[in-house]
Amino acid sequence: MPRSRPTEPDWPTSTSQNGEDTPSSLWEIAPIPGKGLGLIATRDITPGTLVLSEVPLLTTEGVTTIDLEVAETQLRKKFSSLSLSSQKAFMALYNNYPDDKPLSGIVRSNGYPLGPGVEAGGVYETISRINHSCCPNVVQAWNPLVEKETVFAVRTIPAGTEICTAYHVGGPSSERQKILKMYFGFDCTCALCSLPEEKLKASDERMVEAEELDETIGDSKKVRFHADEVLACCHRLSKIYEEEGFKDDRLSRLYFDCFQVCNMHGDLARARVFARQYCSAKKMAAGDDCIAYLEMKPFVKNPQKHDSFGVTEKWKARAEGVPKGLGRRDFERWLWREEA
């Protein structure tokens, strides 16, 4: 997480005692101007590469979130069971809440949830040192099948480039800056937030539009009764993500929304394509042993078996109806129903 403590202990550059099992030749921990420590790519990394996989130093399972005094006591018990080297690694992480509850402060500053919607989180020796960018080049996610946090590249990362994830996504720069300052204590200077004034203004306008589009896409009544409008919003949102260079989980989420819209209205051909695109994006960001990828993969072949299928027959089309031999532009026109 942000602003790693600037002191530099003897960091492992190969498999560590904390279950880090990715070749260290991909990255190194190094000082980052204005950020403390962070991860730097030591060679070119291609999208879909597993950059790092790591078990937590400590988790907050069984720790209360209601009373900080009680939480600190519970964390102290967990902390005392760690090896001395793990204790040292934990205490070397940045604390954005330097009060009289140091363990709670480090957890709040560096924890990642152990899965979507899960209250418990984990703190990591290396992953917790990955800094933020509003246009990240990696995605981190908890994989319960291997009980590790994984970090996959979603954009090309040239050697010498900082490896960055996103602590918060969405909204114009002013909104992002406010949230990042409030919860993580820093002013973001990533490439997106540091654009020249006119380009930043244009980006902010697109991000505001993206929020509005996302709201429409999430409106169940519009999905049911105004599907053409919703799919058009999905198309526009995909263009915004392309313009902004986003390749993170926002992309797979969008493809899943598209899949559900088409499947709901009986268009198995387009549902099949969007299921495939979802799987491709999710596999790139979380690997082929990601539960979400494994659960969605069967619907590429049989989208009608998904719960969303067949609410109406407004766009009825057979799964085998995906056109062949079209150029990219013509295929895109078909996929987004531009001819309709």
Side-chain angles (χ1 to χ4, degrees), residues 1-7 9 11-12 16-22 29 35-39 52-132 136 138-152 164-169 179-186 249 286 289-292:
M1 298 292 278
R3 304 304 176 267
S4 304
R5 186 172 293 184
T7 55
W11 290 107
S16 77
Q17 73 274 10
N18 291 309
E20 174 191 300
D21 58 11
T22 305
I29 295 175
K35 297 183 180 182
L37 297 176
L39 269 64
L52 180 59
S53 176
E54 189 175 25
V55 299
L57 284 167
L58 179 149
T59 75
T60 61
E61 291 176 312
V63 176
T64 182
T65 58
I66 299 174
D67 188 319
L68 284 180
E69 293 286 352
V70 175
E72 188 72 10
T73 300
Q74 293 170 332
L75 287 170
R76 194 175 299 119
K77 184 177 180 180
K78 284 176 170 279
F79 179 80
S80 65
S81 70
L82 300 178
S83 67
L84 289 178
S85 59
S86 292
Q87 289 181 1
K88 180 182 178 182
F90 182 91
M91 294 306 297
L93 295 171
Y94 178 75
N95 185 353
N96 193 42
Y97 305 91
D99 53 17
D100 58 350
K101 302 176 183 62
L103 301 182
S104 298
I106 289 174
V107 167
R108 292 169 67 192
S109 302
N110 297 279
Y112 286 107
L114 301 179
V118 177
E119 191 170 288
V123 176
Y124 303 86
E125 178 178 352
T126 302
I127 291 176
S128 291
R129 291 195 174 274
I130 299 176
N131 289 311
H132 165 84
V138 298
V139 168
Q140 91 290 330
W142 176 252
N143 187 329
L145 297 181
V146 296
E147 297 188 327
K148 291 183 178 182
E149 188 84 356
T150 63
V151 178
F152 279 84
C164 291
T165 187
Y167 304 161
H168 170 78
V169 297
I179 291 172
L180 291 168
K181 186 72 171 180
M182 180 185 304
Y183 291 104
F184 301 104
F186 67 89
D249 281 334
D289 59 355
C290 163
I291 288 179

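Values reported hereafter were calculated over all heavy atoms of this structure, with side chains retained and with hydrogens, waters and symmetry mates removed.
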Sub-4.5 Å side-chain heavy-atom contact between [X] and [Y]:
X	Y	answer
T150	L52	no
I179	F184	no
E125	L93	no

Q. Taking only residues two or more places apart in sequence or in another chain, which ones pass salt bridge (Lys or Arg N to Asp or Glu O under 4.0 Å) with E69?
A. K101
Reported [atom1]-to-[atom2] distance for the pair [X] and [Y], which is rounded to 0.5 angstrom:
X	Y	atom1	atom2	answer
T126	I29	OG1	CD1	4.5 Å
L39	T165	CG	OG1	11.5 Å
S53	Q140	OG	CD	12.5 Å
K88	S83	NZ	OG	11.5 Å
L75	T59	CG	OG1	9.5 Å
T60	L58	OG1	CG	8.0 Å

(Q) One pair to check against side chain to side chain contact (heavy atoms under 4.5 Å, CB included): V55 and E147. What are the steps and the verdict? (A) CA-CA 7 Å; V55 299; E147 297 188 327; 5.9 Å; no
Q: Determine, stepwise, if the pair Y112 / Y124 fulfils side chain to side chain contact (heavy atoms under 4.5 Å, CB included).
A: CA-CA 9 Å; Y112 286 107; Y124 303 86; 4.3 Å; yes
Q | CA sep, side-chain torsions, deciding dist, call: H132, F186, side chain to side chain contact (heavy atoms under 4.5 Å, CB included) | A | CA-CA 10 Å; H132 165 84; F186 67 89; 3.8 Å; yes
Applying side chain to side chain contact (heavy atoms under 4.5 Å, CB included), can you list everything that pairs with [X], at least two apart in sequence or on another chain?
X	value
E119	T65
L145	N143, I291, L294
Y97	N95, R108, S109
P113	none

**Q.** Residues in side chain to side chain donor-acceptor pair (under 3.5 Å) contact with E72, at least two apart in sequence or another chain
**A.** S104
Okay, side chain of [X], backbone of [Y]: is any donor-acceptor separation there less than 3.5 Å?
X	Y	answer
E54	I127	yes
Q74	T64	yes
S86	L57	no

Q | Heavy-atom closest pair, residues A166 and V169 | A | CB-CG1, 3.6 Å
**Q.** Which atom of C164 lies closest to which atom of K35, heavy atoms considered
**A.** SG-NZ, 4.4 Å
Q: Please list all pairs passing the salt bridge (Lys or Arg N to Asp or Glu O under 4.0 Å) test where one or both residues lie in residues 76-85, with sequence neighbours left out.
A: none
Q.
Listing request: all ring-ring contact (aromatic ring centres under 6.0 Å, His included) pairs with a residue in residues 57-91, at least two apart in sequence or in separate chains.
A. F79-F90
Q) V151 and V139: side chain to side chain contact (heavy atoms under 4.5 Å, CB included), yes or no, with the steps? A) CA-CA 6 Å; V151 178; V139 168; over 6 Å; no
